[in-house]
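The sequence lines fix the lettering, A, B, ..., with proteins before strands; numbering per chain opens at 1.
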Amino acid sequence: MPTTATPTTVLTAHALSFAYDEALVVDDVGFSLAPGEFVALVGPNGSGKSTLLRLLLGLLRPATGHVELFGAAPGELDEPGRLGYVPQRGRLTPELPTTVREVVAGGRLSRRAWWRRPTAVDRDAVEHALTAVALTDLGDRLVTELSGGQQQRALIARALVADPELLILDEPVAGVDAESQRLFRDSLIHLVQAHQTTVLLVSHELGAVAADLDRVIVLKQRLMFDGPPADLAARGVSLGIHAEDLPLWLEDMQ
Amino acid sequence: MNLPLPWPFDREYMQLALVVGIIVGACAPLVGTFLVDKHLSLMGDGIGHLAFAGVAGGLLLSISPIWTALGVAVAGALAVEWLRTRGRTSGDLALALFFYGGIAGGAVLASRAATDGITVNVLPYLFGSILTVTPGDLWMVGAIGATIVASVVFAHRAWFTIGLDDESARVMGLPVTALNSLLAVLTAVTIVAATRIVGVLLVAALMVLPVASARIVARSQRQTLLLATVTGVISSVIGLGIARIWGLAPGGTIVLVSAAIFAVVSVLRGKTHGAPIGHH
């Protein structure tokens with residue numbers, strides 16, 4: 001039986017393992033996130049980051065171990081809106097004309113029954129989220145007409161619109177222009193500081209936010225490191241990661 | 001029922017066909033919009049082929065072919081959805097399996113019925129026929145139409161969100177599997193409703209072509225849905241009129257009108273924007 005998470009934990013991974021066919025891609029990984037923490041989960045390509053992310057979100061079932069989100073199993077949340085998820089920008093490939101506002105408004109479906117019409121509260125939340133990512137003027141544009149960085153911000157707004165307590169972002173700064181990276185950093189810092197939102201970044205490069213993190217978790221199938229970024233800089237390659245695999249920002253910190 | 005409508009809709013049988021045609025012309029693109037959104041444009045075609053097997057089975061067993069088509073199409077739609085999401089078969093392979101299985105099954109059953117001495121005329125089911133619409137059909141198609149409109153009114157936001165990214169939709173707590181299954185069942189039901197007028201082989205075109213036209217000019221999901229519906233209704237009405245005037249199979253004329261609208265919209269759009277067709 002899963003133990004109930006203490007109120008000081010928003011997410012706990014208990015000894016997670018997962019294998020595709022015979023190959024173990026996530027091996028006995030355990031950690032937890034406290035409210036208001038700003039954490040990065042990093043690792044080289046093929047380190048099991050994406051698989052771990054999918055386990056945390058409840059999109060995959062672990063072979064062993066379990067995940068607790070706000071004390072419940074992922075996918076069984078009474079209020080799914082407490083979890084915000086920003087997928088990789090590449091997953092956004094609308095087949096039909098879709099406005100930025102329509103993308104963001106979709107995020108409110110985690111806060112109301114799917115068959116209900118949006119209320120004034122929903123519409124206000126959409127405008128608020130568009131403002132937070134500086135996309136108000138582009139609300140009626142088609143998402144396909146936006147730059148990569150603007151599309152990324154639209155996806156962040158779709159997660160923020162539900163006012164989540166935990167925000168999980170998958171490779172949010174990959175291939176994004178400097179202006180969008182700066183806006184992205186500012187809005188994350190604001191979320192963490194003003195709203196006590198817990199943020200988990202899953203990335204192989206951290207760019208602008210590296211200096212603001214509370215904790216870094218380094219993954220390479222197993223959990224290689226879990227602690228403040230300063231400690232990681234001191235240990236560098238002794239973590240058992242080949243130098244050529246190290247994320248770019250990690251090299252900068254050495 | 002005989003309303004004072006102008007030629008070519010002056011006769012009662014044409015008015016029955018017109019009402020059914022308008023309902024089908026609206027409902028096929030309503031459902032089709034979400035199929036296109038989910039990259040499942042060929043879903044209607046695959047299920048149409050299955051419905052043909054159902055029609056042939058009904059003829060063989062001397063049961064109303066519409067009901068056997070409905071049963072086979074709904075079961076097939078759910079099976080395709082299951083294979084697509086849980087099986088190891090990819091979406092288009094799952095469709096191909098049903099595509100060919102359905103048409104082969106239909107051919108075998110129809111030939112068996114012919115051997116048994118049953119008079120088999122499958123052409124009206126394949127390509128539609130104005131003369132076969134009965135007042136009873138009107139009630140059935142009307143009920144199906146009301147169900148589809150109600151479903152779209154309630155579920156369109158959730159379906160659009162799933163269409164953008166189904167994994168995010170799952171994380172949001174949307175019942176993705178149930179909503180996908182609902183769409184699959186509505187696809188099957190629409191196809192059967194359209195059988196009398198458009199025929200099982202062409203109904204998929206009426207699900208997809210109006211959407212193709214709409215997305216060229218629409219500036220939002222909502223506009224796409226509305227424009228596709230309007231285009232579907234216009235195609236049906238003009239197509240039925242032409243079918244009466246020249247004594248043609250209505251399914252073919254309706255789909256040709258829909259294709260012509262797509263061609264005109266593409267050319268006009270290309271002239272005003274200089275963009276290639278389908279560019280977005």
Once rounded to the nearest 0.5 Å, what's the spacing between atom OG1 of A/T9 and atom CZ of A/F70?
11.0 Å
Working to the nearest 0.5 angstrom, can you tell me the gap between A/T51 OG1 and A/F18 CZ?
6.5 Å
Top residue by heavy-atom pair count (under 4.5 Å) with chain B, among [options]?
options                       : value
A/V143, A/L155, A/T98, A/I168 : A/T98
A/P118, A/A113, A/G107        : A/P118
A/T93, A/V103, A/L59          : A/L59

Go through the atoms of B/V153 and report whether side chain, backbone, both or neither lie under 4.5 Å from a heavy atom of chain A.
neither
The interface call for B/S220 against chain A, heavy-atom contacts under 4.5 Å, is both
So does [Y] get a backbone contact from the side chain of [X], meaning a donor-acceptor N/O pair under 3.5 Å?
X      : Y      : result
A/R108 : A/R112 : no
A/R54  : A/L60  : no
A/E127 : A/D124 : no
A/E37  : A/V199 : no

Verify the neighbour count for atom NE2 of B/H156: are there more than 12 heavy atoms of other residues, nucleotides or ligands below 6.0 Å?
yes
With a sphere of 6.0 Å drawn around CZ of A/F31, does it hold more than 12 non-hydrogen atoms of other residues, nucleotides or ligands?
yes
Taking 4.5 Å as the heavy-atom cut-off, does anything in residues 160-173 of chain B contact chain A, and if so which residues?
B/F160, B/T161, B/L164, B/D165, B/D166, B/E167, B/S168, B/R170, B/V171, B/M172, B/G173
Working note: A/T99 + B/R219, criterion side chain to side chain contact (heavy atoms under 4.5 Å, CB included); need CA distance, chi angles, decisive distance, verdict.
CA-CA 7 Å; A/T99 66; B/R219 295 290 298 170; 5.8 Å; no
Flag the pair A/R117 / B/R157 as yes when at least one side-chain heavy-atom distance between them is below 4.5 Å, and no otherwise.
yes
Within the 3.5 Å criterion, strictly below it, is a donor on B/T177 or B/N180 matched to an acceptor on the partner's side chain?
no
Go through the atoms of A/E145 and report whether side chain, backbone, both or neither lie under 4.5 Å from a heavy atom of chain B.
side chain
Where on A/R111 is there a heavy atom nearer than 4.5 Å to chain B: the side chain, the backbone, both, or neither?
neither
If the condition is side chain to side chain donor-acceptor pair (under 3.5 Å), which residues does A/S32 pass it with, not counting sequence neighbours?
none
Got a sec, which residues hit ring pair (Phe, Tyr, Trp, His ring centres under 6.0 Å) with A/H190, two or more places apart in sequence or on another chain?
A/H195
Would you please go through residues 77-91 of chain A and name the residues with a non-hydrogen atom below 4.5 Å from one of chain B, in numerical order?
A/P80, A/L83, A/Y85, A/P87, A/R91
